[in-house]
Each structure stands twice: as structure tokens, then as C-alpha cells.
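Counting from 1, the numbers follow the sequence of the chain as shown.
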Amino acid sequence: MRLICLIPALFWLGHATALDFQAERKNIETDAKAAVNKLSALPDAQQTAESWLLLSYGYMKLLNKEGAISAVNNALAGTLTAAQKVEALHHKALVYGIMFRDSKAALEQLKLAEAALDLYHGDDKPELQTSLYESFAQGYNQRGDMTQALKYAELSVAIATEFKLENAELKSRITAGRLALQQNNFTLAQQQLSRALALAQRSGDKASIGSIHLRLGMAYDKLELYALAGDHLQQAEQFLQMPERRNQLTTVFLTQIEHYRQTGELNKAAATVEKAQQLLAELKDPYLTAQLLSAEAQLSLARQQPAQAEQQLLKAAQLFQQLGNRSMQHETSIALAEVALMQQQLAKARAYLPQDLKIEQQPVFLQRKYWDILSRIQASNGEWQPAYQAAVAASKAQFEIQANQQRQHLGQLSTDLQQQQQMHSQQQSQWQAGTWALLATLLASWLGFGGFILRRKRQAPAAPIGQVWLKNWAEFARQLRKEQQKDLSVCLFAVQIQQISEYKLKAGEQTLRKAIRRVLEQLRGPQLLDSTVHTDVLWLAVRQPDERWLQQLQQALQGIQQQLPDQPAIRIWQGKLDALLGNDWQEADLNGLRELVWYSWQQQTAVPAQLLHFQLTTTQPAPCSWQADNLRQDINNALTLGLLQLQCRPLMAQAPDLSTQ
């Protein structure tokens with residue numbers, strides 16, 4: 001009888017221990033210092049493998065890498081459950097990869113964790129898998145092996161999505177988005193980061209939101225949309241102001257340095273270098289230090305200081321070599337060759353070029369840089385034949401880059417077409433279902449009132465006079481072009497809550513979606529042709545937007561503004577399409593026009609509870625080249641010359657209607 005009673009007691013005790021382990025992990029997240037002090041004070045007889053593992057988590061939180069690696073080794077030397085052994089090996093890999101920047105040792109531990117996971121069949125296996133694969137992607141990325149990094153990132157996203165593991169999916173998609181950016185695959189990066197942003201906002205994860213802003217800033221910088229890039233990077237800096245995110249905050253500063261260099265704001269770049277140096281003095285992270293040295297070298301070149309840039313790049317190359325990051329070694333060597341060539345040091349430039357480079361296995365952008373610098377070195381030495389061949393190879397690489405971009409655009413168009421066909425198919429199915437439902441209703445009425453004559457007059461469903469759709473941007477652009485060709489009075493309106501990212505975090509996505517729906521309901525009518533939500537902006541296509549329609553828009557926005565928390569400021573942008581784009585414009589021109597919207601909104605900030613109306617007029621059709629690489633400069637020139645005119649005014653609250661009927 002005693003044995004029977006003892007069995008449930010033992011079960012309860014084991015269950016309680018598991019709960020204590022999870023509770024201690026939460027304590028570490030809340031107050032790592034207190035948790036570490038508590039665990040360190042345990043007598044030797046009470047120190048278990050679990051307590052050592054918890055202690056290692058705490059040391060890592062406190063950035064004590066020696067304590068973290070020692071504690072996790074003690075944990076692995078003891079007795080852990082199968083799942084805890086996988087977690088311990090994974091954690092050890094993170095300590096090596098994040099704290100010691102030893103990606104080779106990290107990958108060795110990840111492989112041990114993967115082998116242990118293959119033998120494990122618990123319910124939490126998918127969660128352990130997706131987290132492990134995401135770390136594999138990070139590790140291979142540090143080693144410069146993009147093929148393996150992308151493979152594991154895709155596996156991690158697939159498992160997290162299949163098993164609906166939202167936190168794991170969020171981390172995996174951020175990693176996948178970052179890897180896509182490194183490959184200049186902006187379409188894939190946008191898909192991954194957009195989904196990640198929705199997940200982060202749903203969970204209120206500020207650190208992840210900051211990380212996503214950082215990636216978007218990088219993307220817009222590469223696309224030379226510098227205003228958008230600057231906005232996202234500033235928001236990333238705000239969201240990542242927390243001690244445990246100092247590594248990411250340093251990456252934000254590194255990206256800002258390059259951003260300011262590209263925009264010619266060299267004093268701001270220098271000030272940001274100082275901020276990064278202060279953080280790295282605490283972190284002592286060799287990989288980020290090497291990246292900072294590379295960024296400083298580019299800044300030195302912008303200041304016409306090639307000798308100083310060379311010394312900074314040499315220090316960076318040495319650190320990348322110590323870390324075993326061959327990809328960054330090659331990139332730094334090519335940058336050194338460029339600097340030597342600038343100083344007419346041809347022998348040194350040739351010596352700097354990596355000798356062991358398997359060029360055909362390198363990313364295409366690196367191939368183009370390599371062949372270009374080699375061609376110029378050979379031409380400077382009078383080696384005309386090999387210089388010509390290298391130039392041809394550089395041209396082929398450049399063509400491949402452009403072809404990849406075109407493939408991405410075509411892939412997006414194909415996706416849009418499939419979505420359009422699916423929508424059409426759904427509408428057809430809904431129409432058929434509605435038809436059968438109507439026939440069934442008529443039949444039931446006939447059977448119920450067999451003695452009476454069935455009235456066959458059908459009332460059509462009340463359809464709005466002007467139809468409103470919420471579709472994707474590409475479909476909206478195509479429809480807008482058709483409408484503008486039929487009616488030259490069509491205007492584009494853009495509406496956005498000021499500081500939308502912070503407001504979404506505060507109020508929630510669902511609240512804002514409902515607000516948009518209410519606005520669209522109030523604007524129904526013949527003048528509103530179409531609508532979409534894109535880049536957190538409500539875009540409206542409007543025919544003949546007279547003063548009366550503008551008042552209708554104002555009243556609708558003020559109505560929802562009063563219902564939203566804190567009554568946020570709202571910005572409205574208005575522009576006539578034929579004046580801004582001309583009569584024969586392409587959909588890509590409309591993407592350029594969006595840059596004018598961001599530029600306009602930067603010129604004046606609205607105060608809370610205010611509606612700020614920005615209106616663009618022109619003195620000649622198509623005053624800018626909307627697909628130009630230097631579009632922002634083109635906009636500045638057009639405004640300076642008076643070809644574009646920007647008016648900004650607050651819309652005052654409407655007085656109540658006192659007229660009597």
C-alpha cells in the first residue's frame with residue numbers, strides 16, 4: 001500500500017522540479033543578477049546539472065562569457081534529460097558564437113545538439129528544431145557559407161510555420177530576411193520581414209521590432225531610398241536601448257555610419273563612430289570591432305585620407321582572419337586593393353587581391369568587384385589583353401546582378417497574378433454560392449405559400465455607388481493607371497498616422513484596421529475609385545476631389561481620430577497624377593512618387609490631434625524623373641526651381657451644422 005502511495009508522490013516531485021527549472025529561467029530573464037547570486041550560493045551537494053545550466057543562462061545574460069562556458073560544461077558533465085541536453089549543447093554553441101565569436105566551435109556544438117535531437121521524440125521537438133536550425137543559419141552566416149545559412153534559415157521558418165510556433169517563427173523570419181538582404185534579394189527580404197513585423201507587433205516584442213527596423217533600414221539604404229532608411233534606423237536605435245541588445249545596437253550604429261557616409265553627412269557619421277566605439281569598449285566583440293574598422297575606413301576615404309583607411313582595413317582584415325570569416329576576409333582584401341590603386345601603388349594593389357579566392361564560388365557582387373579592380377590594375381600596368389578579359393567578366397557579373405533583380409521583379413509579378421486569379425476564383429465561387437442560396441430561398445417560399453402567386457421581383461443587393469477594394473500595391477497601381485487614362489482629374493491621396501510604428505505598438509494592429517474600415521465606409525461614393533494599405537499608409541484613388549470631398553475626408557478622419565487612444569496626429573498627402581507623372585507613366589513611376597510623399601511629410605511635423613494636409617502642384621508635367629537613381633536630389637532640384645510646389649496647412653475642426661430643416 002505504501003508503494004502505491006509513493007508512486008504519485010514521486011511523479012509530483014519530478015513534475016515540481018520541472019516547474020522549478022522553468023520558473024528559475026523566468027527569474028533569470030527578470031533579474032539575472034539576483035538569480036545568479038541565488039544559484040551560486042547553493043552548497044556543492046545541492047548543485048545539479050540543471051542548476052549549472054541555469055547558472056550558465058544567467059552568466060550569459062550578464063555578459064560573463066567565462067562563467068557561462070564553465071557553467072554549461074559542468075551541466076553537460078552531469079545528468080540532464082534528453083531535451084535539456086539538446087538545450088545545453090545549443091546554449092554552449094550560442095556562448096561560443098555570440099560571446100566568443102568562435103563560429104567554428106559554435107557549429108561543432110550545434111552538430112552535437114542536432115545529433116542528440118535526432119534521438120529525441122518529445123512533443124517539444126519541433127520547437128527545439130526550429131531554434132537550433134535558426135542558430136545554424138547564424139553560424140554558417142558568420143563563416144561566410146551563405147548556401148548552408150540559407151538552407152537552415154528556410155528549414156527553421158518552415159518548421160515554425162507548420163507547427164504554429166510564433167516566437168520561433170519571428171526569430172527565424174528575421175534571420176531569413178537578413179540573409180536575403182545580404183544576397184540583395186529584396187523581394188524575399190520584404191516577404192520575410194513583413195511577416196516578422198506582424199508577429200512582433202502581435203506579441204509586443206520591442207527588441208524584435210527594433211531588429212526589423214534595422215533590417216528595413218539596411219534594405220532602403222541599398223535601394224538608395226535614404227529618407228526611409230534614416231527613419232527606420234532611428235526607430236531601430238530607439239527600440240534597442242536595452243543592455244542585453246547592445247550587440248544589435250552596435251550594428252544599428254554601423255549601419256547609420258554607412259548611411260550618413262552615403263548621404264554626405266560626414267560629421268554625423270563621425271559622431272556615430274564615437275557611439276559605436278563606446279559600446280564596443282564594453283562588449284569587446286572582435287567581429288563588430290572589425291566591422292567598425294571597415295566603416296571607419298570608408299569614412300576616411302570620403303575625407304580623402306587613403307593612408308589612414310588602409311591601416312584601418314588592415315586591422316579589420318586581421319580580425320576577420322582570426323575569426324575565420326573568409327567571406328569578409330575576401331571583401332576586405334578587395335577594398336585594400338582599391339585603396340592601394342587610388343594611391344597608384346600597383347604592386348601593393350595586386351598583392352592585396354586574395355590569392356586563394358575561388359571566384360566562381362563567391363557571391364556575384366563580390367565577383368564584380370574583384371574583376372573590376374583586377375581589370376584596372378592590369379590596364380594601369382599596360383596588360384591590355386588580360387585587362388579586357390577581366391573587364392568582360394566584370395560586365396557579365398554586373399549583368400547577372402541586374403538579371404537577378406529582374407527575376408525578382410518577375411517573381412513578384414507572378415505572385416501578384418496568382419493572387420489575382422485566386423481572388424477571381426473566390427469571387428466566382430461566392431457568386432455561385434449566392435445564386436444557389438437565392439434559388440433555395442425562392443423554392444422554400446414557393447413551398448410555404450403554395451396557394452399564393454410567387455412574386456418574382458428580386459431586389460439587387462445594395463451596392464455602393466463607388467466601389468472600394470483593399471488590394472495589394474501592384475494591383476492598386478495597375479488599376480490606378482487605367483483610371484487615370486480614362487479620367488485626367490484622378491488624384492492620389494496618402495493618409496498615415498504620424499509615428500505609425502510606435503502607435504501600432506501602443507494601440508494594436510486590429511484597432512487601426514477597424515479605423516481604416518470606418519474611414520472607407522464614410523468615403524463610399526462615386527469619387528472614391530480604389531484604395532489599398534501599403535507601407536503603413538492608406539492610399540486612395542479619387543476622381544475630381546473638390547472641397548466638399550476634402551471636407552468629407554476631414555470629417556471621417558477627425559471622427560476616428562477622436563476614438564483612437566491619445567488622438568494621434570494624422571498626415572494627408574494629395575497630388576494630381578497627370579501633373580506629377582504625365583499622361584504616359586509606368587507603374588514603376590508610381591513607386592518613385594511614393595518617395596515624394598515621404599519627402600513631403602518630412603518637411604513639417606504635426607502636433608497631436610492635428611490633421612496636416614500636404615498638397616503638391618506643378619508648373620510643368622512630370623517635373624521629376626521618377627525612376628532615377630538620385631530621385632531625392634531630383635525632387636530637391638524641382639522644388640528649388642519651382643517646378644514642384646509644396647503647400648502644407650492644418651485642417652481645422654469642422655464647426656457643427658446649426659442650420660434648421
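Ring orientation note: the planes of H213 and H232 are tilted relative to one another, at an angle of 30° to 60°.
Between atom CD of residue E595 and atom CG of residue L228 there is a gap of 6.0 Å, rounded to the nearest 0.5 Å. In this structure, CG in L233 is found 10.0 Å from CD in Q235, a value given to the nearest 0.5 Å. Considering CD of Q238 and CD of Q241, their distance stands at 8.5 Å, rounded to 0.5 Å.
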Under 3.5 Å, which donor-acceptor pairs do the side chains of residues 568-580 form with other protein atoms, sequence neighbours left out?
residue	atom	partner	partner atom	Å
R571	NH2	Q496	OE1	2.6
W573	NE1	S600	OG	3.1
Q574	OE1	H613	NE2	2.9
K576	NZ	L488	O	3.1
K576	NZ	D578	OD1	2.8
K576	NZ	D578	OD2	3.3

What donor-acceptor contacts under 3.5 angstrom involve side-chain atoms of residues 249-258, with partners at least two apart or in another chain?
residue	atom	partner	partner atom	Å
T250	OG1	R246	O	2.8
T251	OG1	N247	O	3.2
T255	OG1	T251	O	2.8
Q256	NE2	E237	OE1	3.1
E258	OE1	R261	NE	3.1
E258	OE1	R261	NH2	3.4
E258	OE2	R261	NH2	2.7
E258	OE2	Q262	NE2	2.9

Could you tabulate the donor-acceptor pairs under 3.5 Å formed by side-chain atoms of residues 157-164, not counting sequence neighbours?
residue	atom	partner	partner atom	Å
T161	OG1	V157	O	2.7
T161	OG1	R173	NH2	3.3

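Taking the side chain to side chain contact (heavy atoms under 4.5 Å, CB included) definition, one finds that N636 meets it with Y599, R632, Q633, sequence neighbours left out. In this view, A541 and F476, L480, L529, D530 satisfy the side chain to side chain contact (heavy atoms under 4.5 Å, CB included) rule, not counting sequence neighbours. Partners of S489 under the side chain to side chain donor-acceptor pair (under 3.5 Å) rule, at least two apart in sequence or in another chain, are D487. Remark: K151 pairs with no residue by the side chain to side chain donor-acceptor pair (under 3.5 Å) rule, at least two apart or across chains. Contacts of T619 classified as side chain to side chain donor-acceptor pair (under 3.5 Å), with partners at least two apart in sequence or in another chain: none. Legend: residues meeting ring pair (Phe, Tyr, Trp, His ring centres under 6.0 Å) with Y133, ordered by chain and number and at least two apart, are Y152. When the ring pair (Phe, Tyr, Trp, His ring centres under 6.0 Å) test is applied to W585, no partner is found at least two apart in sequence or on another chain. For D231, the side chain to side chain contact (heavy atoms under 4.5 Å, CB included) partners are Q602, not counting sequence neighbours.
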(request) Carefully, step by step, assess M218 and L214 under the rule side chain to side chain contact (heavy atoms under 4.5 Å, CB included). (result) CA-CA 6 Å; M218 291 176 173; L214 168 60; 3.9 Å; yes
(message) Run Q562 and Q558 through side-chain hydrogen bond (donor to acceptor under 3.5 Å, both in side chains) and show every step you take.
(response) CA-CA 6 Å; Q562 292 169 4; Q558 285 174 339; 5.8 Å; no
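Checked by atom type, the side-chain pair Q555/Q551 shows no donor-acceptor distance below 3.5 Å. Under the 3.5 Å distance criterion, with hydrogens and angles disregarded, no donor-acceptor pair is assigned to the side chains of T617 and Q647.
Remark: the backbone N or O of R245 is not paired with any side-chain donor or acceptor of Q248 at under 3.5 angstrom. The backbone N or O of A606 sits less than 3.5 Å from a side-chain atom of Q498, completing a donor-acceptor pair. A donor-acceptor contact shorter than 3.5 Å links the side chain of D634 to the backbone of S625. Not one N or O on the side chain of S131 forms a donor-acceptor pair closer than 3.5 Å with the backbone of E127.
F493 has its ring centre less than 6.0 Å from the ring centre of W549.
Across all non-hydrogen atoms, the minimal contact from Q610 to P650 is NE2-CB, 3.3 Å. Scanning both residues, V597 and A494, for their nearest heavy atoms gives CG1-CB, 4.1 Å.
Legend: ring-ring contact (aromatic ring centres under 6.0 Å, His included) pairs involving residues 510-547, not counting sequence neighbours, sorted by first then second residue: W473-H534, W473-W539.
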